[in-house]
> 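If you scroll down you'll find the structure; I have some questions about it.
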Amino acid sequence: MVTAIKERITLDVTAQEYREFQPEHILTVKNLEIFYGEKRAVNGISMDIGKNNVTALIGPSGCGKSTFLRSINRMNDLIPGARAEGEILYEDLNILSDDINVVALRKEIGMVFQKPNPFPKSIYENITHALKFAGMKKKSVLDEIVEESLQKAALWDEVKDRLHKSALSLSGGQQQRLCIARTIAMKPTVILLDEPSSALDPISNAKVEDLIVDLKKDYSIIIVTHNMQQASRISDKTAFFLSGDLIEYDDTEKIFTNPSVQKTEEYISGRFG
Amino acid sequence: MFMNTRSNFDESLKELKSMQLKMAGEAETAIKNAMLALLNQDIELAHSVINGDNVIDDLEYEIHEKALMLIARQSPVAKDLRRLHVALRVSSEVERLGDIAVNIAKSAVHIGNEKHVKELIDIPHMMEIALEMLTDAITAFYSEDSAMAQKCAEKDDQVDKMFGELVQELLTYIPQNPDFTNQIIQLAFVCRFIERMADHSTNIAENVVYLETGKRYNLNA
């Protein structure tokens with residue numbers, strides 16, 4: 001299982017080529033339970049995550065949505081006492097398996113956080129840092145990836161003349177798009193976004209939303225958001241979590257016009273939370 | 001663990017509903033008065049119905065303004081969104097009911113004090129059923145009760161049947177009473193107005209079912 005990810009990287013098969021042979025779902029979650037010590041934060045959820053879809057995870061604070069998101073690229077490993085049971089199948093690999101190469105996994109399944117967190121380096125170096133670390137040294141290749149990633153993150157036109165200026169000189173919205181570009185540079189298949197625009201102004205937010213919709217052509221995106229309108233605008237599927245349970249998971253259109261479960265209706269219409 | 005929220009929005013929805021009930025009440029009164037004006041040949045009452053229609057039109061405008069404001073400012077979803085969509089649709093149906101009252105009142109004015117060609121029995125009976133439908137539709141709307149909405153719509157066939165029979169009957173009077181042709185045509189119009197009134201009530205009932213289920217039903221089929 002580990003070898004599958006390793007082989008793919010060694011053979012240099014691009015994610016794009018690999019995807020062409022893949023089924024409709026990029027991830028299959030089976031009876032996933034996540035614990036922090038004794039406390040169970042996610043209560044045995046099962047769901048399929050669509051390929052080249054935007055899947056939104058919504059629910060009140062403490063419902064388990066971010067815990068679930070972080071389990072998809074094993075970020076919970078960093079939290080003492082956290083453990084997961086069940087399966088998250090990525091292609092034919094169980095992500096939760098002990099023998100998974102977590103570093104390789106996080107290249108395939110990248111993550112962007114709530115607050116933009118660029119490295120205190122130049123815009124260019126923000127993107128090339130991890131690539132160089134992975135052994136990529138050739139300048140022409142790096143240049144190409146920088147341009148491609150920034151293009152895809154809809155940031156190229158704004159920064160192409162100042163690539164060697166500090167990333168910290170960018171606005172919050174630009175910094176967040178740079179973080180998305182940095183994730184894209186690793187050529188992932190899945191991008192996890194944890195409230196990526198909650199710290200942004202409305203225009204930057206709109207740009208990030210447009211970008212997310214654009215990116216689903218090439219990537220499968222899972223986004224945690226507290227902004228219900230954002231979920232309804234950009235996602236194809238929406239999952240509503242409450243107290244660690246997956247209450248309802250359906251097409252976004254259905255969830256926001258005629259949900260099947262009363263609790264979902266109460267939450268999305270702002271009646272509790 | 002969770003608290004109830006959006007009390008301001010809920011309060012606005014309540015206000016909107018009471019505006020709608022007020023509008024429906026105005027339309028119902030206008031229709032009853034128009035019918036009384038026709039039966040009692042009360043021209044003054046007929047004119048007051050005609051002149052009073054602007055009250056219903058104004059209420060429709062106010063309801064539309066309020067519903068659009070709530071859509072813009074409160075980002076409603078799911079049933080809240082349907083509720084506002086239905087408020088727009090139902091208020092337009094009720095506005096048409098107000099127009100029907102005006103049309104019946106105008107027929108009363110056209111007939112004036114001319115002696116009725118026959119005693120009016122079936123037309124008031126047809127109106128009675130149509131008014132029952134309207135009451136049922138408004139009650140169903142108020143209580144968001146799909147079952148009552150269905151019940152309202154079931155009576156529509158009865159009204160349609162009466163309309164066909166009554167118009168046929170009225171036409172047979174023309175050859176024997178050529179001097180009453182204008183009155184007979186006006187009475188046939190009134191039958192048509194009542195039949196339309198039942199259709200608007202059915203439409204209101206359909207909106208109630210849509211509000212409850214999120215699915216469109218043709219209760220008139």
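All chains are named by letter (A, B, ...) in the order of the sequence lines, taking the proteins before the strands, and each is independently numbered beginning at 1.
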> In Å and rounded to the nearest 0.5 Å, what is the CG to CZ distance from A:N258 to B:R82?
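So the gap between those two atoms works out to 4.5 Å.
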> Is atom CD of B:E15 surrounded by more than 12 heavy atoms (other residues, nucleotides or ligands) closer than 6.0 Å?
yes
> Got a second to check how far A:E266's CD is from B:R6's CZ, nearest 0.5 Å?
13.0 Å
> Would you say CZ of B:R96 has more than 12 non-hydrogen atoms from neighbouring residues, nucleotides or ligands within 6.0 angstrom?
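Not buried by this count: 12 neighbours or fewer within 6.0 Å.
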> Hey, are the side chains of A:E265 and B:D80 touching, using non-hydrogen atoms and a 4.5 Å cut-off?
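No, too far: nothing below the 4.5 Å cut-off.
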> Tell me whether the count of non-hydrogen atoms from other residues, nucleotides or ligands lying under 6.0 Å of NZ in B:K106 goes above 12.
no
> Of the backbone (N, CA, C, O) and the side chain (C-beta and beyond), which part of A:T257 lies under 4.5 Å from a heavy atom of chain B, both, or neither?
backbone
> Within a 6.0 Å radius of atom CZ on B:F9, are there more than 12 heavy atoms belonging to other residues, nucleotides or ligands?
yes
